[in-house]
Every structure is written in structure tokens, then in C-alpha cells.
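In each ligand, atom 1 is the first atom listed, and ligand 1 is the first ligand listed. Computation of the quantities below employed the complete heavy-atom set of this structure, encompassing side-chain atoms and omitting hydrogens, waters and symmetry-equivalent molecules.
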Amino acid sequence: MKIEFTKMQGAGNDYIYVNTLIYPLPNPEELAVAWSRPHTGIGSDGLVLIGSSGKADFSMRIFNADGSEAKMCGNASRCIGKYVYEYGLTRKTEVTLDTLSGIKTLRLHVEDGKVDAVTVDMGIPAEIHPVDLGEGYPYREGIAVSMGNPHLVIFVDDMEQVDLPRVGPVLEHHPLFPDRVNVEFAQVLAPGRVRMRVWERGSGITMACGTGACATAVASAYTHRCPGESDIIMDGGTLRIRWAGEGTHLFMTGPAEKVFDGVITV
Ligand SMILES: N[C@@H](CCC[C@H](N)C(=O)O)C(=O)O
């Protein structure tokens, strides 16, 4: 059977997108693993399914490169906004998206018929608290944040000193996080400017993480490092995050790009 897909990226965080209204996939966990492989698959950080919903305009399911399903993905939600508009699935510029962490609203920024950026109402960040990682770990303190999925943000003075391939997997599996955790290292460069690198649960090092950028902005505000609005600068691009503080909705704005369309046989 042939399946059409679109490879898209948001700030360098790349996923394979399949419109399940046309191509329902019975085994997305297995396909996420096989297709994400760089040499023998398509190569990606994971697989995203676009579907219908009784509660919203569309639905999103997101699978990491190891086949695990996540409840939310910031970069994929922006890419879905571009996909549904540019492939003619909707003419709306305000689109609702049903995710495992609730319904998100996407505001599409359209220029000459193309979506060049999307603002997502990411909802209210939750479970924000400092964590003591304990002795025997490469870092002692972090801030836990839920953006629908779990994050651990660790502030550092010098990003160059972070050995991400070594410490990322250790912290992803820290016993404080039985469901594993996405790990962000953050360095405040200036007021409103934060450099961030990420080790994603289930995918490893990625060039950007939307929910991770949100969690970083939340942790920066929570610790009084950067309140209000901030640019989170990652390896693959920058996202602008607006958050007025605890109990309020957070808004993420950033790019969404198509890389290529393809067909794969399963
Ligand atoms: N890259 C994503 C997050 C994808 C899911 C994450 N790895 C998890 O398991 O929670 C984003 O842009 O938010």
C-alpha cells in the first residue's frame, strides 16, 4: 500500500505528517520507529497524524522516534496549521486542534496565500515547581513544568559546557519522572533572550522543541530571570513566547515549513 506523507519542520524540529482522513495508519508506533530512521527510513524526529475530531476542526497525534506517543507537540501544532490551510483542508485562519492534552487554538499568519508563522494558545502551564535531582546526577537543581507533556529545565551559565549526548539520557530517565521527561538546558543571554538546547524524551537531541521552549520561558519567569515575553533561541531557530504568569494562558509564535512531499510503500 502506498502512503502519501509530507515532511515538515518547525525551527528544525522535523516530523513526517500523514493525513489520516485519507490514509488511516493502524500501526503508527511501529511506523514512527521505521520511518524516523535516518539511513533506512525517511529520517525525522517522529511521526504526526492529522485527523478529524468531533470536538475541534482537526486532531493531532504525535509519536516520538522511539514509537512512544506524546500528549502534545508545539512545533507540530504550528506545522499542522500550515498543512491544513495550504493543502486546502480549511480556509479558516483560526483553527482548533484536538490533542491528548486538550484543545489548542492556532492563529495562522498568512502572507500571499502561505502560512509563514503560527501562534498557538498552549493553554495554562501546570505543575511548575523546583526539583532536587539529588546526589550522583550531573546537575542538582531544575524546574519541572508540564506543558501537557513533562519538562525539566536546568539553568546553566555556559551552554558550551553542557555534554548533552551524555547527560540528556541520564536525566530523561531520572526516577523523579516515572514517565520519563524532556530535558532543556537554558542560558539567559539578556533580558528576554534565552539560549536553549534540548534532549527530547523518545527522540534524543532535536534542533528545537516547542513545548520545551514554552517550559523554558515559564521556568525563566518563575525564577524571576525573564518575566513576560521572551525569545527562546534553539539550534534550529527561535520561538517567541508570551506568558503573563501562573494561572494564565501561554502563547507560542514561530515558523512552520514544508520540506518535501513523498510517497512510501508499506
Ligand atoms: N518536539 C515537540 C515535543 C514532542 C514530544 C516530546 N518528545 C515528548 O515525549 O513529550 C515539541 O515541539 O513540543
query: At under 4.0 Å between heavy atoms, which part of Asn64 makes contact with ligand 1: side chain, backbone, both or neither?
result: side chain
message: Would you say that Lys55 contacts Ile103 through its side chain, given a criterion of any heavy-atom pair below 4.5 Å between the two side chains?
response: yes
query: By number and element, which atoms of ligand 1 are closer than 4.0 Å to a non-hydrogen atom of Thr211?
result: 3 (C), 11 (C), 12 (O), 13 (O)
- request: Check Phe63 against ligand 1 and report side chain, backbone, both or neither, counting heavy atoms closer than 4.0 Å.
  value: neither
query: When the aromatic ring centroids of Phe63 and Tyr15 are compared, is their separation below 6.0 Å?
result: no
- prompt: Salt bridge check: are Asp235 and Arg195 linked by an N-O gap of less than 4.0 Å?
  reply: yes
field: Polar contact flag for Ala70 and ligand 1 (N/O pairs, less than 3.5 Å)
entry: no
message: With a heavy-atom distance limit of 4.0 Å, tell me whether Asn13 approaches ligand 1 through its side chain, its backbone, both, or neither.
response: side chain
query: Taking both backbone and side-chain atoms of Gly212, is any N or O found less than 3.5 Å from an N or O belonging to ligand 1?
result: no
message: What I want to find out is whether Arg180 reaches Asp66 closely enough, with some N-O distance under 4.0 Å, to be called a salt bridge.
response: yes
task: Among Asp116, Thr119, Thr93, find the one that has a side chain to side chain donor-acceptor pair (under 3.5 Å) with His109.
output: Thr119
task: Around atom 12 (O) of ligand 1, find the nearest protein heavy atom and jot down its residue, atom name and distance.
output: Gly210 N, 2.6 Å
query: Relative to the heavy atoms of Asn75, which atoms of ligand 1 are at a distance of less than 4.0 Å?
result: 11 (C), 12 (O)
query: Contact between Ser203 and ligand 1, counting heavy atoms under 4.0 Å?
result: no
Closest approach of any protein heavy atom to atom 3 (C) of ligand 1, naming residue and atom: Glu200 OE1, 3.5 Å
- prompt: Any donor and acceptor pair, going by atom type alone, linking the side chain of Arg78 with main-chain N or O of Gly254 inside 3.5 Å?
  reply: yes
- request: Counting heavy atoms only, name the option from Asn182, Asp14, Ile62, Asp179 that's nearest to atom 8 (C) of ligand 1.
  value: Asn182
task: Name the closest protein heavy atom to atom 2 (C) of ligand 1, giving the residue it belongs to and the distance to 0.1 Å.
output: Cys73 SG, 3.1 Å
query: Could Arg240 and Asp231 be called an ion pair, given the rule that one side-chain N must be under 4.0 Å from one carboxylate O?
result: yes
message: Taking Arg61 first and then Glu69, would you say they form a salt bridge - that is, a charged N and a carboxylate O separated by under 4.0 Å?
response: yes
